[in-house]
Amino acid sequence: MTQSAIGNYPTPVERLAGLGTAKTTLWVKRDDLTNPTYGGNKVRKLERLIAEARRRGKRRLVTVGAAGSHHVLATALFGGRAGLEVDAVLVPQLRTPHVAEDLRADVALGAHLFTARTYAGAALGMIAHARRDAYVVPMGGSNVVGALGYVDAAFELADQVKAGALPEPDAIVVTVGSGGTAAGLAAGLRLAGLRSELVGVVVAAPAFFVRFWTRRLARAAFWRHARDHGLAVRSAPARALTFTSSYLGAGYGEPTEAGVKATAIAADAGLSLDATYTAKCFAAALDYVQSARFEHVLYWHTLSSAPLAPLLEGAPDEAALAPALRRLLR
Ligand SMILES: *Cc1c(COP(=O)(O)O)cnc(C)c1O
């Protein structure tokens, strides 16, 4: 038996009482609390990915991400805890204090870090590092194996609806970066019999490719789950997934005005957001509440709320980072 459960489930669902309107209630799914050391949405994906790497007898994870990638940080932490070596190829990202801290934490966690100037270069770098003992984890942990973690999450939500923790949401609003989270949820919602519309808020570019890839991954996750559980489904159900690219702004990691406003509103409600992912998604969730199209809107919170300080113990100062790493912070 491989021991791979790293998350605490179910994560709570809560009502954001101050942010509703007469017509619409706003709820939050607290996936920031998936793990006390480092939570967020990468935990559910990595649980599956680490188990798969072990099942295949691998000793090493090779992955890729931006300089401040939450996925690389989570892989360094949980891969390391599982006894796996972690190699990551990093590409430049706009510097924010948060991005710089994530990078310093990667170093402190002992990940082997390599740099590339572009994602194309990073792909070549991953191939170069993909030795026989390595399991290659794509950007964001978003392959079909990773997405299955979010199929499970949809079943978890369905159980919470059944238990009366919240009503069946009319709309669920989630961030779409590399797509694994939204893809798994889209597949899982249908498999679990929920009728909620899933709204994917695209925060990475090019948006058309993100949409295409996420849909593909949703279909793959649907069939893989059905196969793994011996379900006799004959056709993938009607689309559960719609997208909006209206909150992307100038691009991945580029803050937006709507995001800054949403961050202040969320802070008053006790939720802290990041500029790259959750600020844009929460801005969308607030607009869906205001639109009065839905009675119950669920915002799926994907950012770790665990304090980063313990992971920064022993990390080099930014000025002491290797020059190649420092150059990643644009
Ligand atoms: C990675 C990440 C996302 C995006 O999830 P994907 O599965 O890559 O689409 C959303 N929010 C946060 C905070 C993340 O770190």
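Atoms within a ligand are numbered from 1 in the order they appear, just like the ligands themselves. All heavy atoms count here, side chains included; hydrogens, waters and symmetry mates do not. Start at 1 with the first residue, then count along the sequence.
- Trp300 pairs in a side-chain hydrogen bond (donor to acceptor under 3.5 Å, both in side chains) with only one of the listed residues (Asp31, Thr11, Thr175, Asn41), which is Asp31.
- Under the 4.5 Å side-chain criterion, counting only non-hydrogen atoms from C-beta, Tyr9 is in contact with Arg44.
- Inclusion of Thr302 in the set of residues having an N or O under 3.5 Å from an N or O of ligand 1 is warranted.
- Interface of Val176 with ligand 1, defined as ligand atoms under 4.0 Å from a residue heavy atom, comprises 9 (O).
- Trp213 and Phe209 have parallel rings, their planes meeting at less than 30° on a 0 to 90° scale where 60° marks the start of perpendicular.
- Of the N or O atoms in Leu303, none lie within a sub-3.5 Å distance of an N or O in ligand 1.
- Partners of Arg59 according to the side-chain contact (heavy atoms from CB on, under 4.5 Å) rule, which considers only residues two or more places apart in sequence or in another chain, are Asp133.
- Under the 6.0 Å distance and 45° angle rule, Lys42 counts as a cation-pi partner of Tyr277.
- Here Asn41 has side-chain heavy atoms under 4.0 Å from ligand 1, and that is the only part of it that gets that close.
- With Ala147, Ser178, Ser69, Gly140 as candidates, the residue nearest to atom 8 (O) of ligand 1 on a non-hydrogen basis is Ser178.
- Protein heavy atom closest to atom 1 (C) of ligand 1, with residue, atom name and distance, is Lys42 NZ, 1.5 Å.
- Taking 4.0 Å as the cut-off, Gly40 does not count as a neighbour of ligand 1 on heavy-atom distance.
- Look at Ser142 and you'll find a heavy atom under 4.0 Å from some atom of ligand 1.
- Grouping Ile, Leu, Val, Met, Phe, Trp and Tyr by side-chain contacts under 4.5 Å, direct or through others, puts Leu113 with Val72, Leu90, Val99, Leu103, Val107, Leu321, Leu325, Leu328, Leu329.
- Close approach of ligand 1 to Lys45 is summarised as follows: ligand atoms under 4.0 Å from at least one heavy atom of the residue are 6 (P), 7 (O), 8 (O).
- Near His70, the atoms of ligand 1 lying under 4.0 angstrom from a non-hydrogen atom of the residue are 13 (C), 14 (C), 15 (O).
- Smallest separation of non-hydrogen atoms from Ala284 and Val201: CB-CG2, 3.6 Å.
- Between Glu318 and Arg95 there is a salt bridge, since a side-chain N of the basic residue sits under 4.0 Å from a carboxylate O of the acidic one.
- Taking only nitrogen or oxygen atoms, main chain and side chain alike, Thr278 does not reach within less than 3.5 Å of ligand 1.
- Between Tyr299 and Phe282, the two ring planes are perpendicular [angle over 60°; tilted spans 30° to 60°].
- Close approach of ligand 1 to Thr175 is summarised as follows: ligand atoms under 4.0 Å from at least one heavy atom of the residue are 9 (O), 10 (C).
- Listed by number with element, the atoms of ligand 1 under 4.0 angstrom from any heavy atom of Thr181 are 5 (O), 6 (P), 7 (O).
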